[in-house]
Amino acid sequence: MKVVLPDGSPLELPDGATGADAARAIGEGLARAALGVRVSQDGAEPDLRDLTAPLQDGDAIEIVTARSAEDGMGPLWLIRHDAAHVLATAVMELYAGVKISIGPPVEDGFYYDFEFPEGVKLTEDDFERVEARMLEHISADEPFERSELPAVEAIERFRAEGQDYKVELIEDLVRDDGVRTVSLYRNGPFTDLCRGPHGPSTGRIEAFKLTSVAGAYWRGDASRQMLTRVYGTAFLSKSDLEDHLRRLEQARARDHRKLGRELGLFMFSDLAPGMPLWLPAGTQIWNELTRLWRTTNVERGYVEVRTPILYDVDLWKRSGHWQVYRDKMYFTDVEGRAMGLKPMNCPAHCQIYRNELRSYRDLPLRLAEQGLVHRHEPSGTLHGLLRVLHITQDDAHVFCTEDQIEDEVMRCLDFGFFIYDQFGFKPRLELSTRPEKRVGSDEMWDKAEAALRRTLEENGLEYELNEGDGAFYGPKIDSHMTDAVGRSWQLGTVQLDYYMPEQFGLTYVGADNAEHRPVMIHRALMGAFERFIGILIEHYAGEFPLWLSPVQAIMLPIADRHVEYAREVAGRLRAAALRVEVDERSESVGKKIREAEVRKVPYMLVVGDQEQSDGTVAVRRHREGDLGAAPVEEFIERARDEIDRRAR
RNA sequence: GCCGGAGUAGCUCAGUUGGCAGAGCGGCGGUUUUGUAAACCGCAGGCCGUCGGUUCGAGUCCGACCUCCGGCUCCA
């Protein structure tokens, strides 16, 4: 038979030859380096397989080595999958009676989920022991051997071993996918139910490390058994592992919680979990964002409103929140009247819509509010500014006719792109469709989902589909960004809603002089100021662009006799609306500079005898160093320009 | 909410087998008058997360709760 190599050249092999045979036929070195083989049949997407898998005539193949591209299923995927099995091998040997569940490779590493016997637990203190045992198996270079077994026999076998999770997995495979045989992989003493593929042997795991232990629900279902998940990572070389660990450490240095404390941006109180207290410097950033929010909303035809945070429960019953969102709301009693803190601004904006008779000429009506909402999230999910209990949204509701939907949705998306562009953000888009817990008819959902999809596709926007994750009243297009350590967070959202206008009896008078029902687009672009600032802090690692910096310039007089000149210059800068401080302490210039650098103040203006007599400042830029002297006016002009352009 | 870990000075962290609460940075006072990333000397600073228990004696051992951290589930 013949297979085709990546360069297009054919390779003649005996029938039944495997990937390993192909590698050997090409060269002894490649055979030694081979970890797996990518096989593509009839031009289809290549499939990663074991080296021992037989090839077929006409296959296009590529031998995977440590140097192959990763793109999702490559050498790292293989050895991390291998490492997960080795981890299970070690844990089974060290802890009698442990039950195994699943252990896949993931972004940055792998994990394996275990159920330990009553009273036994594994903590990070045990890692050394487990890693030592893993290393024994890796040093022994045990081959991964694949075998196939009828599903019934596999069930029997795992049941006899007390491996209930494996039994459940196979039973589901049989029931849901009609599977009749399953594959097993053995390495040394350990055999696991596994689809594969795997590398040739355990010895190919060049560098690995266990990283953390955490709880995880069996099959991600919160109503089921909590298992113990051990996370680890593996690399193709020791230096790759070291680089990875170093990157993680650097990422932790830009954690917004750490920077928030160091830079005095915000704080938390044990007496108000999940609700940040904004310090003066953080408030400054908040206010700059508010300014951006307000001016851009006005430019795009929005009008700003303000609404109560506390509303009669009747409103929440009308909007549907009481029915499907109650668990996340806070309620209180006011003179015997049940009131709820708002988790969203939409019902209040519907009230404002209803306040007047609306004409089709008024539409689209775009109401914007910096709305403070409270949502009771499970306590374990709080995370600095990125997950809070009180959320300040850059919220807006666009009331429009059905004909205007696509145009208005696109305007919202465009507006979002403009905002993200101010910071150089390139968010990922996600289309979320009808959830199980929802309100409104299927017909409404069909229309709404189709409209969003059409808007995305007609405008050539890339998006991922997230089925079943829409808001309870309508589908949505979300934008997502990742934090310093790669966790993904939703920022903006554009949601299409046919339901609330109906519930609140919203109407407009059309050109035909008849009453019509408007539709409503809910949208937030930054999402929440809290989360957005958290992401900003990590994005900039605390080194904000000038326009956002809490302190934009600091005057550093060299000796006490220069303080007065420093104050005078500071006054001129303030007159140009620059945020400036004067470091009047009797410290050395070196120390003042160091502290200003640590505080990440963008401009340090050193003034001594020279500057005082010339009417200049010696400009030092954060991280860049000394830029030389400049007349005060010239510096002001430069800084003003940088701010007004919102330079990044 | 669930699983695991942690909580000592403003910050970062030591604290032995249960026996007087510690360091560096920061703060304050003084000396120094400084030219581009840390001058020198001194001083103050603690409900050892909270409550309860064991003990002659608890930062240390036990329990409950609170908060935080890493995950899971859930979400802007």
Side-chain angles (χ1 to χ4, degrees), chain A residues 111 113 115-116 121-125 211-231 252 255 257-258 261-262 264 267-274 327-328 343-344 371 373 375-395 432 469 471 476 478-481 485 487 489-493 495 524-532 534-535 556-563 585-598 604-611 618-623 625-629:
Chain A
Y111 67 79
D113 285 350
E115 183 192 318
F116 286 87
K121 67 185 177 191
L122 186 146
T123 71
E124 290 182 19
D125 296 338
T211 49
S212 66
V213 56
Y217 298 108
W218 167 232
R219 304 199 130 178
D221 183 343
S223 68
R224 305 202 64 180
Q225 181 71 29
M226 174 66 72
L227 304 174
T228 302
R229 175 170 297 178
V230 179
Y231 281 95
R252 276 192 288 271
D255 187 311
R257 293 165 297 187
K258 179 178 152 76
R261 186 171 50 243
E262 288 171 359
M267 58 171 278
F268 282 95
S269 160
D270 282 0
L271 301 177
D327 292 351
K328 294 205 160 183
M344 296 185 194
V373 300
R375 294 183 188 174
H376 180 229
E377 307 286 354
S379 57
T381 64
L382 301 183
H383 188 93
L385 294 179
L386 300 183
R387 191 79 182 270
V388 292
L389 298 182
H390 89 182
I391 304 168
T392 311
Q393 297 178 315
D394 63 326
D395 206 4
S432 295
D469 207 34
K476 55 180 188 156
D478 295 332
S479 39
H480 292 252
M481 282 286 296
V485 293
R487 285 177 288 226
W489 299 91
Q490 183 185 318
L491 295 182
T493 183
Q495 313 174 338
L525 305 174
M526 296 185 234
F529 278 68
E530 290 83 1
R531 177 175 289 179
F532 198 78
I535 293 286
L556 305 180
I558 285 172
D560 292 348
R561 64 177 180 279
H562 308 119
V563 166
R585 298 171 306 163
S586 300
E587 294 288 355
S588 66
V589 188
K591 177 145 179 174
K592 290 178 183 178
I593 285 172
R594 180 183 155 75
E595 290 187 8
E597 287 282 355
V598 169
M604 286 149 274
L605 304 178
V606 180
V607 290
D609 293 333
Q610 191 70 48
E611 291 73 19
V619 182
R620 182 191 168 97
R621 177 89 210 204
H622 172 64
R623 286 180 80 104
D626 196 350
L627 301 182

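Lettering of chains follows the sequences in order, A, B, ..., and the numbering in each one begins at 1.
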**Q** What's the CG-P distance between A:Asp560 and B:G35, to the nearest Å?
**A** 13 Å

**Q** Is there a side-chain contact between A:Arg252 and A:Lys258 in this structure, where contact means two heavy atoms from C-beta onward sitting under 4.5 Å apart?
**A** no

**Q** Which nucleotide in the list B:C72, B:A76, B:U67 gets nearest to the side chain of A:Pro273?
**A** B:U67

**Q** Looking at B:G35, I'd like to know if its phosphate oxygens (OP1 or OP2) sit under 4.0 Å from a side-chain N or O belonging to A:Lys592.
**A** no

**Q** Provide, to the nearest angstrom, the distance between the CG atom belonging to A:Asp270 and the P atom belonging to B:C51.
**A** 14 Å

**Q** Could you measure between the two C1' atoms, the one in B:U54 and the one in B:C61, and give it in whole Å?
**A**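 Going atom to atom, C1' in each nucleotide, I get 8 Å.
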
**Q** Does B:U17 pair with anything, Watson-Crick or G-U wobble, both distances under 3.5 Å, and if so, with which nucleotide?
**A**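 B:U17 is paired with nothing.
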
**Q** Go through the N and O atoms of the side chain of A:Glu124 and the base of B:G70, and report whether any donor-acceptor pair is under 3.5 Å.
**A**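 No, the side chain and the base share no sub-3.5 Å donor-acceptor pair.
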
**Q** Closest nucleotide of RNA chain B for A:Trp489 versus for A:Ala214: which of these residues is on the 5' side?
**A**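 Result of the comparison: A:Ala214.
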
**Q** Measure from the side chain of A:Glu597, starting at C-beta and using heavy atoms only, and say which of B:A76, B:U34, B:A37 lies closest.
**A**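 My answer, after comparing the listed nucleotides, is B:A37.
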
**Q** Distance check: side-chain N/O of A:Arg487 vs OP1/OP2 of B:G71, anything under 4.0 Å?
**A** yes

**Q** On RNA chain B, nearest-nucleotide positions of A:Gly274 versus A:His376: which is more 5'?
**A**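 Result of the comparison: A:His376.
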
**Q** Does the structure show a Watson-Crick or G-U wobble partner for B:A9, both distances under 3.5 Å? Name it, or say none.
**A** none

**Q** Once you apply a heavy-atom cut-off of 4.0 Å, does A:Glu587 come out as touching a base, just sugar-phosphate, or nothing?
**A**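 Base contact.
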
**Q** Looking at A:Arg561, I'd like to know whether one of its side-chain N or O atoms comes within less than 4.0 Å of OP1 or OP2 on B:U34.
**A** yes

**Q** Working to the nearest 0.5 angstrom, can you tell me the gap between A:Arg487 CZ and A:His480 NE2?
**A**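 Output value for this atom pair is 16.0 Å.
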
**Q** Quantified in whole Å, what is the C1' atom distance between nucleotide B:A44 and nucleotide B:C28?
**A** 7 Å

**Q** Answer yes or no: does a side-chain N or O of A:Lys591 lie under 4.0 Å from OP1 or OP2 of B:G26?
**A**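 Checking B:G26 against A:Lys591, a side-chain N or O does come within under 4.0 Å of OP1 or OP2.
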
**Q** Work out how far the P atom of B:C65 is from that of B:C3, and round it to whole angstrom.
**A**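 Here B:C65 and B:C3 have their P atoms 11 Å from each other.
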
**Q** Would you say the base of B:A37 and the side-chain of A:Arg623 have a donor-acceptor pair closer than 3.5 Å?
**A** no

**Q** Within the structure, does a side-chain N or O atom of A:His622 lie under 4.0 Å from either OP1 or OP2 of B:A37?
**A** no

**Q** Just checking A:Gly527: base, sugar-phosphate only, or nothing, at a heavy-atom cut-off of under 4.0 Å?
**A** nothing

**Q** For residues A:Tyr231 and A:Ala214, report the shortest heavy-atom separation together with the two atoms involved.
**A**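 Minimum heavy-atom separation between A:Tyr231 and A:Ala214: CE1-CB, 4.4 Å.
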
**Q** So, OP1 or OP2 of B:A39: does either fall under 4.0 Å of a side-chain N or O from A:Ser588?
**A**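 Affirmative; the distance criterion is met.
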
**Q** Quick check on B:C72: is either OP1 or OP2 less than 4.0 Å from any side-chain nitrogen or oxygen of A:Tyr231?
**A**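 So the side chain of A:Tyr231 is within the cut-off, an N or O lying under 4.0 Å from OP1 or OP2 of B:C72.
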
**Q** Take the protein atom CZ of A:Arg531 and the nucleotide atom P of B:C75, then report the distance between them rounded to whole Å.
**A** 12 Å

**Q** For B:C69, does OP1 or OP2 lie under 4.0 Å from any side-chain N or O of A:Arg387?
**A**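 A:Arg387 to B:C69 OP1/OP2: no side-chain N or O under 4.0 Å.
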
**Q** Counting heavy atoms from C-beta on, name the nucleotide in B:C75, B:G35, B:G5 closest to the side chain of A:Thr123.
**A**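 Nearest to the side chain of A:Thr123 among the choices is B:G5.
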
**Q** Do A:Met267 and A:Arg261 touch side chain to side chain, with heavy atoms closer than 4.5 Å?
**A**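 With C-beta onward as the side chain, the pair stays apart.
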
**Q** For a quick check of understanding: with a heavy-atom distance under 4.0 Å over all strands, which category does A:Gly380 fall into, base, sugar-phosphate or nothing?
**A** base

**Q** CD/A:Glu124 to OG1/A:Thr211 distance, rounded to the nearest 0.5 angstrom?
**A**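 If I round to the nearest 0.5 Å, the distance is 8.0 Å.
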
**Q** Which listed nucleotide (B:C68, B:A76, B:A37) is nearest to the side chain of A:Lys476?
**A** B:A76

**Q** Partner of B:G70 by Watson-Crick or G-U wobble geometry, both contacts under 3.5 Å, or none?
**A** B:C3

**Q** Write down the distance separating the C1' atoms in B:U67 and B:G24, rounded off to the nearest Å.
**A**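 Pairwise C1' distance, B:U67 against B:G24, rounds to 27 Å.
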
**Q** Do A:His383 and A:Trp489 come close enough that some side-chain heavy atom pair is under 4.5 Å?
**A**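 Contact flag for A:His383/A:Trp489 side chains = yes.
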
**Q** Specify the separation, in whole Å, of atom CZ of A:Arg224 and atom P of B:C3.
**A** 17 Å

**Q** State which of B:U33, B:C2, B:U67 makes the closest approach to the side chain of A:Ser586.
**A** B:U33

**Q** Pick base, sugar-phosphate or nothing for A:Thr493, based on heavy-atom distances below 4.0 Å to the nucleic acid.
**A**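 Here A:Thr493 touches no strand at all.
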
**Q** What interatomic distance, in whole Å, is found between P of B:C75 and the corresponding atom of B:U17?
**A**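 Roughly 48 Å separates the two P atoms.
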
**Q** May I ask which nucleotide in the shown strands pairs with B:A64, Watson-Crick or G-U wobble, both distances under 3.5 Å?
**A** B:U50

**Q** Taking only the side-chain nitrogens and oxygens of A:Arg257, find out if one of them lies under 4.0 Å from OP1 or OP2 of B:C69.
**A** yes

**Q** Quickly work out the A:Leu382 CG to B:G70 C1' distance and round it to whole Å.
**A**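 Rounding to the nearest Å, CG of A:Leu382 and C1' of B:G70 are 14 Å apart.
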
**Q** Rounding to an integer number of Å, can you tell me how far A:Arg594 CZ sits from B:G26 C1'?
**A** 12 Å

**Q** Counting side-chain heavy atoms from CB outward, which of B:A37, B:G35, B:G70 is closest to A:His383?
**A** B:G70

**Q** Figure out the NE2/P separation between A:His390 and B:C75, and round it to whole Å.
**A** 21 Å

**Q** May I ask you to say what A:Ala596 touches in the nucleic acid, namely base, sugar-phosphate or nothing, with a heavy-atom cut-off under 4.0 Å?
**A**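 Counting heavy atoms under 4.0 Å across all strands, no contact is made by A:Ala596.
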
**Q** Hey, does the side chain of A:Lys258 come within less than 4.0 Å of B:U12's phosphate (OP1/OP2), counting only N and O?
**A**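 Checking A:Lys258 against B:U12: no side-chain N or O falls below 4.0 Å of OP1 or OP2.
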
**Q** Would you indicate which nucleotide in B:C75, B:G71, B:A38 comes nearest to any side-chain atom of A:Met226?
**A**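 That would be B:G71.
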
**Q** Taking the C1' atom in each of B:G7 and B:C11, what is the distance between them to the nearest angstrom?
**A** 15 Å

**Q** Taking only the side-chain heavy atoms of A:Lys121 (C-beta and beyond), determine which of B:G5, B:C75, B:A37 contains the nearest atom.
**A**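 The listed nucleotide nearest to A:Lys121's side chain is B:G5.
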
**Q** Using whole Å, what does the distance between atom C1' of nucleotide B:C3 and atom CZ of A:Phe116 come to?
**A**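 Atom CZ in A:Phe116 sits about 12 Å away from atom C1' in B:C3.
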
**Q** Does A:Arg261 put a side-chain nitrogen or oxygen below 4.0 Å from OP1 or OP2 of B:U12?
**A**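 Yes, such a contact exists.
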
**Q** How far, in whole Å, is B:U60 from B:C2 if one measures between their P atoms?
**A** 26 Å

**Q** Using purine N1 to pyrimidine N3 plus N6-O4 or O6-N4 for Watson-Crick, or N1-O2 and O6-N3 for G-U wobble, both under 3.5 Å, which nucleotide pairs with B:G29?
**A** B:C41

**Q** Could you tell me whether a side-chain N or O of A:His376 sits under 3.5 Å from a main-chain N or O of A:Leu389, the two making a donor and an acceptor?
**A** no

**Q** Do A:Asp469 and A:Lys476 sit within salt-bridge range, that is, some charged N less than 4.0 Å from a carboxylate O?
**A** no

**Q** Looking at B:A76, does its base get a donor-acceptor pair with the side chain of A:Gln490 below 3.5 Å?
**A**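 Looking at the base of B:A76, it does not pair with any donor or acceptor on the side chain of A:Gln490 (distance under 3.5 Å).
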
**Q** Just so I know, are the side chains of A:Glu611 and A:His562 near enough to count as touching, which here means a heavy-atom distance under 4.5 Å?
**A** no

**Q** Between B:C48 and B:A58, how far apart are the P atoms? Round to whole Å, please.
**A**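 The same atom, P, in both gives a distance of 12 Å.
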
**Q** Ignoring the backbone of A:Val598, work out which of B:A37, B:U36, B:A76 is nearest its side chain.
**A**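 Output: B:A37.
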
**Q** A:Ile593 side chain: which of B:U36, B:C68, B:A76 is closest?
**A** B:U36

**Q** Side chain of A:Arg531, backbone of A:Leu386: donor and acceptor closer than 3.5 Å?
**A** yes

